[in-house]
There are 2 protein chains.
Amino acid sequence: MEKTLTRKDLIFKEAAGLFQSQGYVGTSMRDLATKVGLKPSSFYSHIKSKHEILETICNQSAARFLSGLEQIKNSIDDPFDQWIATVDLHISIAFENPSAITVFNDEWRHLEGDSLTYFLSQRKIYQQGVVGVIKSAILSGKMRDLDPNLVFNTMIGATRWLHFISSPGKASAERIAGQVQELLLSGLKKES
Amino acid sequence: MEKTLTRKDLIFKEAAGLFQSQGYVGTSMRDLATKVGLKPSSFYSHIKSKHEILETICNQSAARFLSGLEQIKNSIDDPFDQWIATVDLHISIAFENPSAITVFNDEWRHLEGDSLTYFLSQRKIYQQGVVGVIKSAILSGKMRDLDPNLVFNTMIGATRWLHFISSPGKASAERIAGQVQELLLSGLKKES
DNA sequence: TATATTTGCGAACGATCATTCGTAAATATG
DNA sequence: CATATTTACGAATGATCGTTCGCAAATATA
């Protein structure tokens, strides 16, 4: 048994926060050192490079989305309900892990070589998974017949600003989640 | 009469493209010099600093949104139709000026001091303007009663991925625009 | 043509970047 | 307690950053 948060994990956590507010390139190892309470040179007993930090955070985020989707597929049968749960997944990840969301959305572009290739493959797998859910929901007759990739991207974008909300109370978070779901499901037009 | 594109404008244009793909911090003056066909030191006959480039691009984008909104308010009476036109505004800006969109959405965070203050004030004015449209549309009874700022942010996000589409044909762009509008207006649920 | 202004460039500046290395303190292991 | 391993640090390295400066070429002005 160890401390639940190893120093390595602390580095990743603080880095995610800094990458969110300043961007990967805009965050220096000195910034991170100050945040963690170490000198810059001390990092290299724990990690290999700055790139490794970005890589780890990106992969953790990708895994979070993929495992969430797997769980949805395993526990819910109706494809339209799977879709609703997927939107909820994005909303709750945005609230529970805001900095990782930003890195997952934006900062992965600074990955290079194999890290980039792997991340993009994971991302593609995830998108194809969600698109599969959307296609099934359309076939089931419960979802409007729109381009599945367009639906995917629009949903991603529509839930993408939530992580800006600093720390919503639980009630507030649920109210927001409910309204976003309603907007995506029923649209803005009254009495359609 | 001069050339329609001054060297200064060319610098801003190429910079916007680089800022989009590499980020502001990730783009060096040497990168930009290569793109424009100058040596790094030659920039400073035309511009004051790298910051000035970002500032100019951000302000141009803000002005583009604000003037678009003004025109909508002046030419359309019904608030719900104003809302639809606003969404169209975002979609068409995303297609017509993709790199400026990214800078407007993401890179403004690297502004500093007065530039940042001014940009945020312009952005706030714009948001308040659109929120006003939304409130009126709700009052008119044609729009569902959701939190106006939530509607604003969700729309911003939902149209935020469009600039990734490299160069859609006009037909394709209109098809995409139509589907995004339909999704936002009528939602995903069939027979609501 | 003579002169003034704009534009471009090579070289260099100080600052900051991620990272390495030798070494010392701290900690774990026997 | 003695030894081995992990962790932290100060100093330095080479690279790259935005920017400045003096000077030449190009261009506009007269």
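All values derive from a computational prediction rather than experimental measurement. Computed over heavy atoms, backbone and side chain alike; hydrogens, waters and symmetry mates excluded.
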**Report entry** Pairing of B/Glu96 and B/Arg64 as salt bridge, 4.0 angstrom limit
**Finding:** yes
Report task. Please determine if A/Asp81 and A/Lys142 form a salt bridge, counting it only when a charged side-chain N lies under 4.0 Å from a carboxylate O. Result -> no
Query raised in the report: OP1 or OP2 of C/dG8 sitting under 4.0 Å from any side-chain N/O of B/Arg7?
Result: yes
Query raised in the report: When clusters are formed by joining ILVMFWY residues with side-chain heavy atoms under 4.5 Å apart, either directly or through shared neighbours, do B/Ile57 and B/Tyr44 land in the same one?
Result: yes
Query - Sorted by number, the residues of residues 108-116 of chain B with heavy-atom contact under 4.0 Å to DNA chain D - result: none
Report task. May I ask you to decide whether A/Asp147 forms a salt bridge with A/Lys135, counting only side-chain N to carboxylate O separations under 4.0 Å? Result -> no
Query raised in the report: So, B/Asp114 versus B/Thr117: side-chain donor-acceptor pair below 3.5 Å or not?
Result: no
Query - Pairing residues for A/Phe65 by the ring pair (Phe, Tyr, Trp, His ring centres under 6.0 Å) criterion, not counting sequence neighbours - result: A/His90, A/Phe104, A/Tyr126
Query raised in the report: Which letter, B, S or -, goes with each nucleotide of nucleotides 10-21 of chain D from 5' to 3', with contact meaning a protein heavy atom under 4.0 Å?
Result: BB-----BBBBB
Query raised in the report: Under 6.0 Å from the six-membered ring centre of B/Tyr24 and within 45° of its axis: does the NZ or CZ of B/Lys50 meet both?
Result: yes
Requested in this report: Taking the side chain as every heavy atom from C-beta outward, state whether B/Glu107 and B/Gln20 have any pair of such atoms under 4.5 Å apart.
Outcome: no
Report task. Calculate the interatomic distance between B/Phe43 atom CZ and C/dG8 atom P; express it in whole Å. Result -> 10 Å
